[in-house]
Amino acid sequence: MSEEKSLREIRLEKLERLRELGLDPYAVERFERSHSPQEVLDQFESLSGHVQVAGRVHSYRLMGKAGFAHISDGDGKIQGYFRKDDIGETLWEAYNLLDIGDHIGIIGEPFVTKTGERSIHVKSFVPMSKSLQNLPLGKEKDGQQWYGLSDVEQRYRHRHLDLIANPDARRDLVNRCKIVSSVRRFMDGRGYLEVETPMLQFQAGGAAARPFLTHYNAYDTEVKLRISLELYLKRLICGDLPKVYEIGRVFRNEGVSNRHNPEFTLLEYYEAYSNLEDIMESVESMFRHVAMEVFGTTVVSIAGKEGEIDDDGVPGVELDFGKPWARVDMMEAIERHTGLQLADFVDLETAKSAVKERRVSNPITGKQIVLDGERNLGGLIEKLLEVFVEPTLQQPTFVVGYPLETSPLAKHDPHRAGFTRRFEGYVRGREVCNAFSEINDPVDQRERFEQQLREAAKGDDEAHPMDEEFIYALEAGMPPCGGCGIGLDRMAMLLTGADVVREVLLFPLMKPEGS
RNA sequence: GAGACGGUAGCUCAGUCGGUAGAGCAUCGCCCUUUUAAGGCGUGGGUCCUGGGUUCGAGUCCCAGCCGUCUCACCA
């Protein structure tokens, strides 16, 4: 017999005894709460008479004929003081049957203990659920924690235990949820219409990624999970819904990493008659709005204060989303950080040999950069951006002017051949948004797709497929339009200071155990 | 996909040179009517990730596998 089983049996026996006492926890449906645990603490001075508070038992100390227990609803923690003389024989036995992890409701009067803790002198209480498991609740004093649940795998696999045991994890996950709802309020407040578009698609477009495949029995057809929101949203722009957005899950059949989960939450929004400047303004305003609404400040401190180094050697950065973001031209930034000249980028071979001749090396590793694998000039340019420029973009910055080859849905830049009216936003060296003036010329769009088909033929398995239905919509006439995509998990990482995406996902994808 | 590291009680972890498995907390029993990492005395609790191998003997050494963490690669 395992230890866990016998523990469960003991708790089941306690449950049975509670039922014999007429205190069946699971028979309770409702408990009238006058305050939350945190509210009792916050409003302590002004409280009069009795309070009714519910929560999970987090600590339990029995001393003969009296005892203490902290209860928490996850937000705050309040101590109850139980005395046999005050609650009577039956409830005293019920108190003795309590375990850490049970839910109870207590009715009593606020008072301060000898040691100065704001507490509730319990006059009566109601058991409302029995915990049949030994919960990994640590002990805690003055903000310091002992024991608890720290095994990362267990925290992700059994997230409810993490939420119960680790207040910091709970805070970040709750803030992630608040960030998403704050974004939604921002979009609604600006008059965008929230829409829902298909997740099951016969052709997954709008991004460069491999899709998940599944089978639809009724049509006996292969269907794909969406990798982006873009094309359906622009079909709505074509349908004269001039301001639309969607917040939804997209799925990319790729590996996991610190920054990647195969399903993630994407915001995309499109606005007719607006251009890149308008989109930049809305991104700035959105971050400002969300930071203020969720954190009450536009200043986000990462790894301590600006200029300080934390225990892990991470330099502190203060990001101020109250200020406008910096704007840099992509090619100017690359020239500045690589020493290469615009003339070096006339074609792919010239650029490759220029990189070799100038012995351009990675500023961090010091190794000479190898770009032999790049199939086109645009890809090479983006690689240079990634290696040389991105790490320097700590403060919020828009990088403007992306290459044509890697931007099959963005308008040509009329003033610069080979480039598009597209920008990405970077913070802490990481991409946070991708935006452009959308192509509304159906002939141009068809040519871009055809170019992608040629890339596919050369072996690019992430090249964009032809989408006739999308072009059909463009042919009806689409107004000029700016669009933007923001990975909300990345945004949540940025604002909560998480450096692992799984810390802001309630249930990250894990391999099945024992497979 | 590659490398490094890890997987021992419910939780957090030790385990030396290969010699019958340890601690704290939690559990269970007793004492204790203002404690708070409560305390005191006592008690139970193990598929040492899995499967092979070496050995008289494996938590420990070797091989393979599973899962995880970190780094890298991949990821517009």
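Convention: sequence-line order gives letters A, B, ...; per-chain numbering from 1.
- A straight line from CG of Leu132(A) to C1' of A26(B) spans 16 Å, rounded to a whole angstrom.
- Backbone-only engagement by Lys14(A) is indicated by non-hydrogen atom pairs under 4.0 Å involving sugar-phosphate atoms exclusively.
- On the P atoms, C13(B) is 35 Å away from U54(B), given to the nearest whole Å.
- Checking U55(B) for Watson-Crick or G-U wobble geometry (two distances, each under 3.5 Å) identifies no partner in any strand.
- Heavy-atom contacts from other residues, nucleotides or ligands closer than 6.0 Å to CD of Glu20(A) number more than 12.
- Both tests hold for Arg416(A) against Phe419(A): distance to the six-membered ring centre under 6.0 Å, angle to the ring axis within 45°.
- The residue Gly138(A) sits apart from the nucleic acid: no heavy atom pair falls under 4.0 Å.
- Note: Phe125(A) and Phe82(A) meet the aromatic proximity criterion, with ring centroids under 6.0 Å apart.
- Under the Watson-Crick or G-U wobble criterion, with both distances below 3.5 Å, U20(B) is left unpaired in every strand shown.
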- Message: Evaluate Gln451(A) against Arg454(A) for side-chain hydrogen bond (donor to acceptor under 3.5 Å, both in side chains), listing each step before the verdict.
- Response: CA-CA 5 Å; Gln451(A) 179 57 38; Arg454(A) 287 191 287 275; 2.6 Å; yes
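- Of the possible donor and acceptor atoms, none in the side chain of Thr397(A) sits under 3.5 Å from a partner among the backbone N and O of Tyr426(A).
- Regarding contacts with the backbone of U69(B), a side-chain N or O of Arg502(A) is found under 4.0 angstrom from either OP1 or OP2.
- Listed by residue number, the members of residues 159-173 of chain A with any heavy atom below 4.0 angstrom from RNA chain B form an empty set.
- Counting to the nearest Å, the C1' atom of G45(B) and the CZ atom of Arg8(A) are 16 Å from each other.
- When the nearest nucleotides of RNA chain B are assigned to Tyr402(A) and Met510(A) by heavy-atom distance, the more 5′-ward of the two goes with Met510(A).
- Among the atoms of the strands shown, none is found under 4.0 Å from any heavy atom of Arg210(A).
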Each nucleotide N or O in nucleotides 30-35 of chain B that has a protein N or O under 3.5 Å away: list the pair and distance.
from, atom 1, to, atom 2, distance (Å)
C32(B), N3, Gly64(A), N, 3.4
C32(B), N4, Gly64(A), N, 3.4
U33(B), OP2, Lys65(A), N, 3.2
U33(B), O2, Arg83(A), NE, 3.2
U33(B), O2, Arg83(A), NH1, 3.3
U33(B), N3, Asp85(A), OD2, 3.0
U33(B), O4, Asp85(A), OD1, 2.5
U33(B), O4, Asp85(A), OD2, 2.7
U34(B), O2', Lys114(A), NZ, 3.4
U34(B), O2, Lys114(A), N, 2.8
U35(B), O2, Arg61(A), NE, 2.7
U35(B), O2, Arg61(A), NH2, 2.7
U35(B), O2, Gln79(A), OE1, 3.4
U35(B), N3, Gln79(A), OE1, 2.9
U35(B), N3, Gln79(A), NE2, 3.1
U35(B), O4, Gln79(A), NE2, 2.6
U35(B), O4, Thr113(A), OG1, 2.9

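- No cation-pi contact links Arg327(A) to Phe398(A), judged by a cut-off of 6.0 Å to the six-membered ring centre and 45° from its axis.
- Closest non-hydrogen pair, Ser119(A) versus Thr113(A), comes out as OG-CG2, 3.3 Å.
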- Task: Apply the test side-chain contact (heavy atoms from CB on, under 4.5 Å) to residues Val53(A) and Glu39(A): give CA-CA distance (whole Å), side-chain angles for both, the deciding distance (0.1 Å), then the verdict.
- Result: CA-CA 10 Å; Val53(A) 187; Glu39(A) 284 168 351; over 6 Å; no
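- As the counterpart of G46(B), no nucleotide is assigned, since no Watson-Crick or G-U wobble pattern has both distances under 3.5 Å.
- Considering only side-chain N and O atoms, Asn258(A) lies under 4.0 angstrom from the phosphate OP1 or OP2 of U71(B).
- Nucleotide C72(B) has G1(B) as its partner under the Watson-Crick or G-U criteria, with both atom distances under 3.5 Å.
- The Leu149(A) side chain lies nearest to U12(B) when the options are U12(B), A76(B), U69(B).
- The residue Pro262(A) sits apart from the nucleic acid: no heavy atom pair falls under 4.0 Å.
- Counting non-hydrogen atoms under 4.0 angstrom, Ala207(A) reaches a base of the nucleic acid.
- The side-chain contact (heavy atoms from CB on, under 4.5 Å) with Pro262(A) is formed by just one residue from the set Asn253(A), Val250(A), Val256(A); it is Val256(A).
- Nucleotide C25(B) is matched to G10(B) when pairs are restricted to Watson-Crick or G-U wobble geometry with both distances under 3.5 angstrom.
- When both pairing distances are held under 3.5 Å, U33(B) makes no Watson-Crick or G-U pair with any nucleotide shown.
- With contacts defined as side-chain heavy-atom distances shorter than 4.5 Å, the pair Phe44(A)/Val112(A) qualifies.
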